[in-house]
2 protein chains.
Amino acid sequence: METTAVAGGDDLGERPRQATVRDVAREANVSTATVSRVTSNKGYPVSAAARARVLEAVSRLGYSPNDLARSLLQERTFTVGVVVPDLSNPHHPDIVRGVEETAAANGYSVQFCSTDNEPDRLASYLDQMASKRVDGIILAGGGLDPDRALGAIGPFRMRTIVVGRYSNSVFPSVESDNRAAGQLATRHILELGHRRLGAITGPATATASADRLAGALEVLKEFGLTSRATSVVESDFSAEGGYAAAKKLLKRKSPPTAIIASNDAMAIGAMAAAADMGLGVPNDLAVMGYDDIVTARFLRPSLTTIALPTHEMGSTAMSLLMQLIDGEAVPQRTILGVDLVVRQSTTGR
Amino acid sequence: METTAVAGGDDLGERPRQATVRDVAREANVSTATVSRVTSNKGYPVSAAARARVLEAVSRLGYSPNDLARSLLQERTFTVGVVVPDLSNPHHPDIVRGVEETAAANGYSVQFCSTDNEPDRLASYLDQMASKRVDGIILAGGGLDPDRALGAIGPFRMRTIVVGRYSNSVFPSVESDNRAAGQLATRHILELGHRRLGAITGPATATASADRLAGALEVLKEFGLTSRATSVVESDFSAEGGYAAAKKLLKRKSPPTAIIASNDAMAIGAMAAAADMGLGVPNDLAVMGYDDIVTARFLRPSLTTIALPTHEMGSTAMSLLMQLIDGEAVPQRTILGVDLVVRQSTTGR
DNA sequence: TTGAAAGCGCTAACAG
DNA sequence: CTGTTAGCGCTTTCAA
């Protein structure tokens, strides 16, 4: 019987015991304190000779300091937890990327989890992170209700930043400028001459949708229109949801000539619905979204959208969290700018 | 000056010290050993009365066991590390989701990081994970060269699973059946009558592309064709890369009538290139990809593709890793099935 | 069924 | 500049 087809088991079973400070100290003929002074590299004075011997022993023994012990002592793990509601919405990986990048650049690790749109999992994740003693938490994505986290977070008074929505509770937040985004989108559509608009929003719990709608209403008024110029359908941030919502809108007696979807995935769904109903985009129906996912540029017609500072939201959230961890004050709301990206799905050009 | 606009700083600065076993023990009038026996819940006998007092104290004090201390003692963190090359390729979040789900279901946490296509970051991430004493590691995605990890992983003999490619080194792998995928795709295209094919592959280091190409060649032979029936262009798994590669293919003197791209993102790029060159899909050019990302179904024309068991790859990798951690043997290669999903971009229907 | 005590690997006083 | 020592919070013998 071939054993090369199998790995693990006995051969990997016996890990050689990891070298410890004591091992290194013995090999380098110094005390454990000196080893620690060298490895933690905090500028504590150590003679060149001792340092060299320690370093040599470290590399010879393959010593890697045990952060568990270190963290236990220092009450600091240099790990932050990130919770997203759903990884299939491209918005979220982008945020995570921003978080991760800034975390890595500052020596932090990221403990990651997704509630997969089951809000009940939030509490157990937070418990887990509390047990692991993460230094702070980032709650990302509009789908997550930060107030549901309060019970779990509160007792530990864990440092927490909410990103992609604002919070009624105490948590500082990082958002895109959703009101401006709503204005930008609506103005673009109205300037194109459209007067019957359809809006496909996210779930009612998403503060982003509400803010964008508010911005939209302001611009409608500016154009002398009332909210009745817009039909609103609620959906769920998925292409499938956008498809269904668009069909619903387009089947009305006086259907919209333009649809603004709350993200690009829903906009793609809306474009598919239009195509399936024999409507050309943008001539019969203009469509736009929010996010500016990579694909938006490569659709034909390419998708007009509001570019959100997704990556920056993630990195900003991480920066703020580090400030919180360091005991510094942090603004309660941080709002990042957005941009209109005009493409073919509204203008044809 | 308003202070409500600012959070953190002094108010959150003073965390009440976390309750410890000792606090609970004192409150419940038992020893710390008894507290531990209750909280770790391993079936060690504890009288009902003592247990009740402990539980009461635990909830009253908001006690959450410190996993740092626990792990230090048990040499077990119940944390696994996951490294992906790049989160913007939707394939990877899907794998991560699978890992995360299985991890959560089994009480494991996931330490996450992305090398952002900079292979040099791999080593430092692995060091970090080694220091955090993760129980095992999952290297996900074709872009990652597991052999580059050997140096960092080897000395610690960390349990590692590679997913999305196979490894020349000792690491067990989980892959989709790329050879079958290549066969399926090629046969579909040839059966449609195409005889001049274009293939857009990923980077040469991705074993998946090579395996698919091998499958393709077998089918070409089956149809009495040689490899000259296929022009191959190497690209990078991005829509942008697919766009450029497709243009290159379509500008040749006898351009392909069908393009098989190595993932859906590149296929979307290829469809855009076709549209921009005035070619209709599928009549002038058939296009297909691999992955079956959500968007594929909502493009118009919708995208024919090979559905990869992405999520399952992630969950399988995590299952195997847990076996490895538990000292069990594991197959060196695990290959999961794929499916052809026929849509409009090849057939028009 | 319970408690006392040792110690996981590390760092931070403190003394030299 | 260096070493000794105490102890982070927990689990686990061992003995009662």
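The structure displayed is predicted, hence computed values, not measured ones.
Considering OG of S40(A) and CD of Q74(A), their distance stands at 8.0 Å, rounded to 0.5 Å. One distance of note links CG of L324(B) with CD1 of I137(B); it measures 11.5 Å at 0.5 Å rounding.
Judged by distance alone, with hydrogens and angles left aside, the side-chain atoms of D94(B) form no donor-acceptor pair with the main-chain N or O of T310(B) at under 3.5 Å. Checking side-chain atoms of N106(A) against main-chain N and O of Y108(A) turns up no donor-acceptor pair under 3.5 Å.
Y44(B) contributes a side-chain N or O that forms a donor-acceptor pair with the base of dT2(C) under 3.5 Å.
Using a 4.0 Å cut-off between charged nitrogen and carboxylate oxygen, R76(B) and D326(B) count as a salt-bridge pair.
The nearest whole Å value for the distance from the CG atom in L72(B) to the P atom in dT12(D) is 12 Å. Atom CG in L68(A) sits roughly 13 Å away from atom P in dC10(D) (whole-Å rounding). Computed from coordinates, the R76(A) CZ to dG9(D) P distance equals 17 Å when rounded to whole Å.
Looking at T79(B) and Q111(A), their side chains come closer than 4.5 Å, going by heavy atoms from C-beta outward.
Side-chain polar atoms of S114(A) and E100(B) form no donor-acceptor pair below 3.5 angstrom.
For R51(B) against N41(B), the heavy-atom pair with the smallest separation is NH2-OD1, 4.4 Å.
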So which protein N/O to nucleotides 10-12 of chain C N/O distances come out below 3.5 Å?
unit_1: dC10(C); atom_1: OP1; unit_2: Y63(A); atom_2: OH; d: 2.6
unit_1: dC10(C); atom_1: OP1; unit_2: N66(A); atom_2: N; d: 3.1
unit_1: dC10(C); atom_1: OP2; unit_2: V21(A); atom_2: N; d: 2.3
unit_1: dT11(C); atom_1: OP1; unit_2: R70(A); atom_2: NE; d: 2.5
unit_1: dT11(C); atom_1: OP1; unit_2: R70(A); atom_2: NH2; d: 3.0
unit_1: dT11(C); atom_1: OP2; unit_2: S36(A); atom_2: OG; d: 2.8
unit_1: dT11(C); atom_1: O5'; unit_2: S36(A); atom_2: OG; d: 3.4
unit_1: dA12(C); atom_1: OP1; unit_2: Q74(A); atom_2: OE1; d: 3.2

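Across the helix from dT1(C)-dA16(D) to dG16(C)-dC1(D), the helix axis at one end is tilted relative to the axis at the other end by 40° (nearest 10 degrees, each axis from five pairs).
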